[in-house]
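Report on the structure given below.
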Amino acid sequence: MELFFTISPAVTPERREAVAGALQAILQGARVDIAPDGTALRIDLPPTTDRLSATDALTFRLQALGYTALEMRRPTPPPPMYAPPFTAPRKQPRTIRLSVFLISLISSLLVCSVLMFSVGMVFMSIYQENQTLGTDGTEGYSGKIGLIDQIFSDYALYDTNGDLLLDSMLKAYVAATGDRYAAYYTQAELEALMAENGGEMVGIGITVTESVSPVGIMIISVMKNSPAATAGVRAGDVIVSVGDGENEASVAEVGFDVASAALRGEEGSVAHFKVLRDGAALPFAITRARVEYESVTGRVSEADQTVGIVSITQFMTNTPVQFKAEMERLITAGCTSFVFDVRNNPGGDLKSIIAVLSFFLQEDDLIVTVVNKDKSEEKHYCTPASYDGEYADCSIREADIGKYRQYGMAVLANGHTASAAELFCAVLRDYELAEIVGTTTYGKGVLQHIFALESFGYSGGIKLTTGYYNPPSGVNYDGVGVAPHGTQTPLDDAVKDKNIYLLTEAEDNQLRAAITAAKQ
C-alpha cells in the first residue's frame with residue numbers, strides 16, 4: 001500500500017535522514033522515500049496497515065517536526081523518483097494511473113451496486129439503466145463507463161489489466177467520497193485486516209524501532225509464546241544484520257526500512273538475523289508463524305511499587321482477555337492504583353472497548369450512544385454478553401462487571417489517541433472514575449463499519465463512516481478531542497523527539513504526572 005504526500009517547507013538534505021527515521025519509527029515496517037528536492041514523500045506500507053491510522057500518525061509526526069503534509073490522493077504525474085524506468089515501446093500490460101480514472105470515476109462507476117445490511121441498517125444501492133452516481137443527481141453513468149471501456153478496447157496501444165483497473169477505480173471512488181476514514185479493500189487486504197483486528201499476525205513476534213547507537217533495529221518487546229520468545233530473543237537486543245551467508249547485510253548499510261522488510265515473510269519461512277547483546281553478536285534463524293499480537297502490556301512502576309502501568313496499544317477482539325490477565329497479575333503483585341497508557345492508541349473494535357469498560361462500570365450504565373445516518377440511536381449499556389467465534393474474547397461475564405472499579409486510576413493520552421481509545425478516556429471521565437492526563441486527544445467521534453462483498457458474489461470489502469458515537473455525557477468530541485483534566489502536560493522538550501516507547505520512567509514526565517494523579 002502506497003501513500004503520497006507533499007511536504008512544506010522542503011526537507012533539506014541534512015535533515016532528510018532524520019525525518020525519514022522519525023517516520024519509520026512510528027510506521028512499523030514501512031518504507032519511507034523523500035524526493036530529491038525534499039517536497040514530496042512516498043510511504044510504502046505493509047498490506048495489513050490501516051491507511052487512516054498511518055496517515056494520521058504521519059501527519060502529526062511531521063507537524064511535530066515543523067512540516068505540513070498534504071496527502072496526494074491523485075498523484076499526476078508521480079514525482080520522478082517514483083516513476084518506473086522507461087522501456088522500449090511494445091504491446092504490454094499497462095498500469096493505469098489513478099488520476100486517469102478518478103476524473104471519470106466521480107461521474108461514472110459501479111455498474112453493479114454495493115452494500116449490505118449491518119447493525120439494523122439497510123445500506124444498498126439499486127442499479128438502473130439511467131441511475132446517477134452518488135446522491136447529487138449529476139451525470140448518468142450506465143453507458144459512459146461502457147463507452148470508455150470500449151474505446152480503450154478498440155484503440156488503446158496497451159492492454160489493460162482488468163483486476164488492477166477495477167481495484168484502482170474502486171479505491172479512487174472511495175477516496176472521492178470525502179469520507180476520510182473510508183477505504184476499499186481487495187480480498188487479500190480484507191483478510192489481512194480481519195486477522196489483524198482479531199490480534200493475529202504472521203512473523204516472529206517482535207515489536208521494533210530504529211536504533212541510532214548502535215545502528216540497527218532495537219527490539220522493544222517480544223510477544224509471549226512467539227517464535228522469537230521461544231528462540232531466546234530479548235527486549236533490548238539490537239538487530240545489526242539480516243540474512244545469512246552471502247545474503248547477509250548490515251542494517252547500517254541497507255538502512256532501517258530495508259532491513260525491517262527482510263524480517264517479514266510468509267508463514268513457515270525462516271528469518272535470519274544477528275543481534276548485538278552485551279557487546280556480543282548472536283545469530284538467530286527463526287521460522288515465521290502466526291502469533292497473537294499483544295495489545296496490552298503491564299508493569300509495576302519503578303518509583304512506586306503500588307502503581308501498575310497498563311499500556312493499551314489498540315482495542316482488538318482479544319484485548320479484553322489480555323487486559324484482564326494483566327490487571328490480575330499486577331493486583332497479585334501488590335498494585336492498588338493504575339495508570340492506563342493509551343498514548344498513540346488509534347482505537348479499534350466497538351465490542352472490544354465496551355468489554356474493557358465493563359470492568360469499571362456498574363450494570364446498566366450507559367457506555368456509548370451510536371447515532372446513525374437516519375438519526376436513529378443505538379444505546380449500548382454495561383450488561384453481561386456472550387459471543388462466539390471471533391468475538392468470544394469480548395464476552396462480558398456478570399462477575400467481571402465493575403471488577404476494577406474500586407482502584408485509583410488515571411488515563412494517559414496524547415494527540416495520537418483516537419476513536420475507541422478516546423471513548424475509553426471519555427467514559428472514565430464522565431463517570432468520574434479516572435483523571436485524564438497528558439494532552440488533548442485526536443478528536444474522532446465517528447464510527448465505521450466494514451462491509452464484506454462476498455454475499456453479493458464479489459471479492460473484497462469497503463469501510464465507511466456510518467454514524468457518530470457519543471459518550472455518556474452526550475457531548476460528541478469529533479474534531480475537538482477529549483481534553484485532560486487541568487492543564488495540558490506535553491512531553492518535556494528534552495525528550496519530545498524521542499521514541500515514546502524508549503522513554504524511561506525517569507524521562508517520561510507525562511507518565512510521572514499520571515502516577516501522581518492515580519494516587520490521589
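Positions are given from 1, in the same order as the sequence printed here.
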Backbone of Val437 reached by a side-chain donor or acceptor of Thr489 within 3.5 Å: no

Side chains of Ser376 and Asp374, donor plus acceptor under 3.5 Å: yes

Considering non-hydrogen atoms only, spot the tightest contact between Asp478 and Lys444 and give its length. OD1-CA, 3.4 Å

Side chains of Asn470 and Asn476: do they bring a donor and an acceptor to under 3.5 Å? yes

Does the Asn509 side chain pair with the main chain of Asp492, one donor and one acceptor, at a distance under 3.5 Å? yes

If we count only N and O atoms by modelled type, under 3.5 Å, do the side chains of Tyr67 and Arg15 hold a donor and an acceptor together? yes

I'd like to know if the side chain of Glu191 and the backbone of Ala188 have a donor-acceptor N/O pair within less than 3.5 Å. no

According to salt bridge (Lys or Arg N to Asp or Glu O under 4.0 Å), who are the partners of Asp400, at least two apart in sequence or on a separate chain? Lys324, Arg397

Minimum heavy-atom separation for Ser295 and Gln322, please, with both atom names. N-OE1, 2.9 Å

Test ring pair (Phe, Tyr, Trp, His ring centres under 6.0 Å) applied to His380 - qualifying residues, sequence neighbours left out: none

Sequence neighbours left out, cut at 3.5 Å: what donor-acceptor pairs do the side chains of residues 350-358 make with other protein atoms?
from	atom 1	to	atom 2	distance (Å)
Ser352	OG	Met316	O	2.6
Ser358	OG	Ile354	O	2.8

Any side-chain to backbone donor/acceptor pair from Thr319 onto Gln314? Under 3.5 Å, distance only. yes

Leu511 backbone acceptor or donor facing Asp508 side chain under 3.5 Å: yes

Val238 side chain reached by Ile219 side chain, heavy atoms, under 4.5 Å: no

Determine yes or no for a side-chain-to-main-chain donor-acceptor pair under 3.5 angstrom, with Lys171 supplying the side chain and Tyr184 the backbone. yes

Does Arg299 pair with Asp341 as a salt bridge, N-O distance under 4.0 Å? no

Do Gln448 side-chain atoms and Ala182 backbone N/O form a donor-acceptor pair below 3.5 Å? no

Can you confirm whether Pro472 sits close enough to Val427 that some side-chain heavy atom of one is under 4.5 Å from a side-chain heavy atom of the other? yes

I'd like to know if the side chain of Thr186 pairs up with that of Asp167 as donor and acceptor (distance under 3.5 Å, no hydrogens or angles considered). no

Using a distance-only test with no angle check, is there a side-chain donor-acceptor pair under 3.5 angstrom linking Ser419 and Tyr442? no

Which residues pass the ring pair (Phe, Tyr, Trp, His ring centres under 6.0 Å) test with Tyr404, sequence neighbours left out? Phe359

Hey, does Leu41 have a side-chain heavy atom less than 4.5 Å from the side chain of Leu62? yes

Shortest non-hydrogen contact between Val411 and Cys425, atoms and distance: CG1-SG, 3.6 Å

Contact summary for Val307 and Lys519, nearest pair of heavy atoms: CG2-CD, 3.5 Å

Option among Asn414, Thr440, Thr439 that satisfies the side chain to side chain contact (heavy atoms under 4.5 Å, CB included) test with Pro484: Thr440

Would you say that Gln362 contacts Arg405 through its side chain, given a criterion of any heavy-atom pair below 4.5 Å between the two side chains? yes

Mark yes or no for whether Glu294, through its side chain, and Lys224, through its backbone, hold a donor-acceptor pair below 3.5 Å. yes

Going from CD1 on Ile312 to CG on Asn344, what distance comes out if it is rounded to the nearest 0.5 angstrom? 13.5 Å

Between the side chains of Glu377 and Thr369, is a donor N or O closer than 3.5 angstrom to an acceptor N or O? no

Rounding to 0.5 Å, atoms CG (Leu503) and CG (Leu491) come to a distance of 6.0 Å

When you compare the side chain of Glu505 with that of Ser301, does any pair of heavy atoms fall below 4.5 Å? yes

Check whether any side-chain N or O of Thr441 sits under 3.5 Å from a backbone N or O of Val482 as a donor-acceptor pair, and report yes or no. yes

Return yes when atom CD of Glu398 has more than 12 non-hydrogen atoms of other residues, nucleotides or ligands closer than 6.0 Å, and no otherwise. no

Less than 4.5 Å apart, any side-chain heavy atom of Thr417 and any of Phe424? no

Interatomic distance, Met409 atom CE to Gln406 atom CD [nearest 0.5 angstrom]: 8.0 Å

How many angstroms lie between CD1 in Ile401 and CG in Leu361, if you round to the nearest 0.5 Å? 9.0 Å

Ring pair (Phe, Tyr, Trp, His ring centres under 6.0 Å) against Phe360, all qualifying residues, sequence neighbours excluded: Phe323, Phe340

Atom of Gly461, atom of Leu453 and distance for their closest heavy-atom approach: CA-CG, 4.0 Å

Determine, stepwise, if the pair Met223 / Thr207 fulfils side-chain contact (heavy atoms from CB on, under 4.5 Å). CA-CA 8 Å; Met223 299 175 192; Thr207 305; 3.9 Å; yes

Got a salt bridge between Arg512 and Glu302, using NZ or NE/NH1/NH2 to carboxylate O under 4.0 Å? no

Do Asp179 side-chain atoms and Tyr181 backbone N/O form a donor-acceptor pair below 3.5 Å? yes

Charged N-O contact under 4.0 Å between Arg42 and Asp44: no

From Tyr381 OH over to Leu366 CG, what is the distance, rounded to the nearest 0.5 angstrom? 5.5 Å

Could you walk me through whether Leu330 and Phe338 pass the side-chain contact (heavy atoms from CB on, under 4.5 Å) test, one step at a time? CA-CA 9 Å; Leu330 292 172; Phe338 294 90; 3.8 Å; yes

Are a donor atom and an acceptor atom from the side chains of Asp349 and Tyr391 found within less than 3.5 Å of each other? yes

Are the side chains of Leu423 and Pro471 in contact, using a 4.5 Å heavy-atom criterion? yes

Check: Glu435 and Gln520 side chains under 4.5 Å, non-hydrogen atoms: yes

Determine, stepwise, if the pair Lys379 / Val368 fulfils side-chain contact (heavy atoms from CB on, under 4.5 Å). CA-CA 6 Å; Lys379 294 185 179 292; Val368 61; over 6 Å; no

Have Asp393 and Tyr387 got a donor and an acceptor in their side chains that come within less than 3.5 Å? no

Quick one: closest heavy-atom pair of Thr317 and Cys394, and the distance? O-SG, 3.4 Å

From CA spacing to verdict: side-chain contact (heavy atoms from CB on, under 4.5 Å), Tyr468, Val370: CA-CA 6 Å; Tyr468 291 94; Val370 177; over 6 Å; no

Interatomic spacing from CG in Asp33 to CG in Leu23 - rounded to 0.5 Å: 11.5 Å

Does atom CZ (Arg429) have a neighbourhood of more than 12 heavy atoms from anything else shown, all under 6.0 Å? yes

Residues that Arg329 engages under salt bridge (Lys or Arg N to Asp or Glu O under 4.0 Å), provided they are two or more places apart: Glu326

